[in-house]
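Values reported hereafter were calculated over all heavy atoms of this structure, with side chains retained and with hydrogens, waters and symmetry mates removed. One-based numbering along the sequence shown. Here the structure is a predicted model, which is why all the values come from computation and not from measurement.
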Amino acid sequence: MALQWMILGYVVAAEAAVAILLTLPSPKLIKDRIVALASLFLQPATGVVPFAAFQLLDIYWKNEHRLMCTSEVCTAAERDRYEKSIYKAQRNAILCVFACLLYWCIFRICKFHKDIKEKEEVEKWYKNQ
């Protein structure tokens with residue numbers, strides 16, 4: 001189970017790096033190349049969205065079927081283990097949300113950049129006529 005979260009963590013880190021590269025100011029030629037490269041990886045990276053959604057469903061199911069440890073019968077160690085599992089579930093849920101959110105941001109940034117480039121070409125075409 002930890003392997004899934006490690007992979008999702010690496011994916012989120014890679015998406016964050018790509019999002020930073022896309023939003024940093026850079027010369028037009030370099031920006032075009034970065035956007036083209038990011039666009040190539042968008043379609044295969046779509047698999048991260050259903051993977052994260054499945055992980056969120058898994059977190060929800062485990063939360064609904066988790067044994068509660070709030071009474072006086074529980075020992076301190078059991079309470080600590082229960083709280084630790086809650087914190088892990090919250091961290092993993094945030095990781096899943098960030099994976100989907102960063103994918104969407106990269107997709108929109110690439111789309112906006114392509115739309116701007118297309119409009120600049122149309123404007124250049126009208127100026128030449």
K.L.:
Determine, step by step, whether Lys111 and Asp115 satisfy the salt bridge (Lys or Arg N to Asp or Glu O under 4.0 Å) criterion, reporting the C-alpha distance in whole Å, the side-chain angles of both residues, the deciding distance to 0.1 Å, and the verdict.
P.N.:
CA-CA 6 Å; Lys111 184 164 178 9; Asp115 290 345; 3.5 Å; yes

K.L.:
Should Leu57 and Trp5 be counted in the same cluster of Ile, Leu, Val, Met, Phe, Trp and Tyr side chains packed under 4.5 Å apart?
P.N.:
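Not linked; separate clusters.
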
K.L.:
Which heavy atom of Cys74 sits nearest a heavy atom of Arg79, and at what distance?
P.N.:
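Looking at all heavy atoms of both residues, the shortest contact is O-NH2, 3.3 Å.
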
K.L.:
Nearest heavy-atom pair of Lys31 and Leu24: which atoms, and what distance?
P.N.:
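Taking Lys31 first and Leu24 second, the nearest heavy atoms are NZ-O, 2.7 Å.
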
K.L.:
Could you report the tightest heavy-atom contact between Tyr103 and Glu15, atom names first, then the distance?
P.N.:
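That would be CB-OE2, 3.6 Å.
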
K.L.:
Is there a path from Leu37 to Ile30 through hydrophobic residues (I, L, V, M, F, W, Y) whose side chains come within less than 4.5 Å of each other?
P.N.:
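Hydrophobic grouping puts Leu37 apart from Ile30.
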
K.L.:
Quick one: salt bridge (Lys or Arg N to Asp or Glu O under 4.0 Å) partners of Lys127, sequence neighbours excluded?
P.N.:
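Partners of Lys127 under the salt bridge (Lys or Arg N to Asp or Glu O under 4.0 Å) test: Glu123.
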
K.L.:
Shortest non-hydrogen contact from Leu22 to Cys110?
P.N.:
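What the structure gives for the nearest pair is CD1-SG, 4.0 Å.
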
K.L.:
Once rounded to the nearest 0.5 Å, what's the spacing between atom CG of Leu56 and atom CD1 of Ile94?
P.N.:
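Answer rounded to 0.5 Å: 11.0 Å.
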
K.L.:
Does any non-hydrogen side-chain atom of Phe107 lie less than 4.5 Å from one of Ser39?
P.N.:
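Side chain of Ser39 against side chain of Phe107, heavy atoms only: no contact under 4.5 Å found.
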
K.L.:
Under the ring-ring contact (aromatic ring centres under 6.0 Å, His included) definition, can you give me all pairs with a residue in residues 31-63, not counting sequence neighbours?
P.N.:
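Only Trp61-His65 qualify under ring-ring contact (aromatic ring centres under 6.0 Å, His included).
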
K.L.:
Spell out, as yes or no, whether a donor-acceptor pair under 3.5 Å connects the side chain of Asn92 to the backbone of Lys88.
P.N.:
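Such a contact is found between Asn92 side chain and Lys88 backbone.
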
K.L.:
Taking atom OH of Tyr87 and atom CD of Glu83, what is their separation to the nearest 0.5 Å?
P.N.:
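Nearest 0.5 Å value for the OH-CD distance: 5.0 Å.
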
K.L.:
Are side-chain heavy atoms of Asp80 and Thr75 found at a separation under 4.5 Å?
P.N.:
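SC-SC contact between Asp80 and Thr75 ruled out.
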
K.L.:
Return yes when atom CZ of Arg108 has more than 12 non-hydrogen atoms of other residues, nucleotides or ligands closer than 6.0 Å, and no otherwise.
P.N.:
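Atom CZ in Arg108 is crowded, with more than 12 foreign heavy atoms closer than 6.0 Å.
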
K.L.:
Please give me the minimum heavy-atom distance between Leu102 and Ala16, naming the atom from each residue.
P.N.:
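The answer is CD1-N, 3.9 Å.
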
K.L.:
Report whether Ile106 and Ile20 are members of the same hydrophobic cluster (ILVMFWY, side-chain heavy atoms less than 4.5 Å apart, transitive linking).
P.N.:
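As far as the 4.5 Å side-chain criterion goes, Ile20 and Ile106 are not connected within one cluster.
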
K.L.:
Between Ile59 and Gln90, is any pair of side-chain heavy atoms under 4.5 Å apart?
P.N.:
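Answer no - side chains too far apart.
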
K.L.:
Which is it for Val48 and Val12 under the side-chain contact (heavy atoms from CB on, under 4.5 Å) test, yes or no, and what are the steps along the way?
P.N.:
CA-CA 9 Å; Val48 105; Val12 168; over 6 Å; no

K.L.:
Would you say Leu101 and Leu95 are hydrophobically clustered, going by side-chain heavy atoms of ILVMFWY under 4.5 Å?
P.N.:
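Leu101 and Leu95: one cluster.
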
K.L.:
Any side-chain heavy atom of Ile116 sitting closer than 4.5 Å to one from Glu120?
P.N.:
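Yes, close enough: below the 4.5 Å cut-off.
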
K.L.:
Rounded to the nearest 0.5 Å, what separates atom CG in Asp32 from atom NZ in Lys117?
P.N.:
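Going from the CG atom of Asp32 to the NZ atom of Lys117 covers 4.5 Å.
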
K.L.:
Hey, quick one: are Ile34 and Leu40 part of the same hydrophobic cluster, counting side-chain heavy atoms closer than 4.5 Å, chains of contacts allowed?
P.N.:
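Hydrophobic grouping puts Ile34 apart from Leu40.
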
K.L.:
Closest heavy-atom contact between Cys96 and Ala52?
P.N.:
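Smallest interatomic distance, heavy atoms only, reads SG-O, 3.6 Å.
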
K.L.:
I need the Arg81 CZ to Lys84 NZ distance, nearest 0.5 Å.
P.N.:
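Rounded to the nearest 0.5 Å, the CZ-NZ separation comes out at 10.0 Å.
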
K.L.:
Check whether more than 12 heavy atoms from other residues, nucleotides or ligands sit under 6.0 Å from atom CD of Glu64, and answer yes or no.
P.N.:
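Yes, the 6.0 Å shell around CD holds more than 12 heavy atoms from other groups.
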
K.L.:
How many angstroms lie between atom NZ of Lys114 and atom CD1 of Ile109, to the nearest 0.5 angstrom?
P.N.:
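Separation between the atoms: 13.0 Å.
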
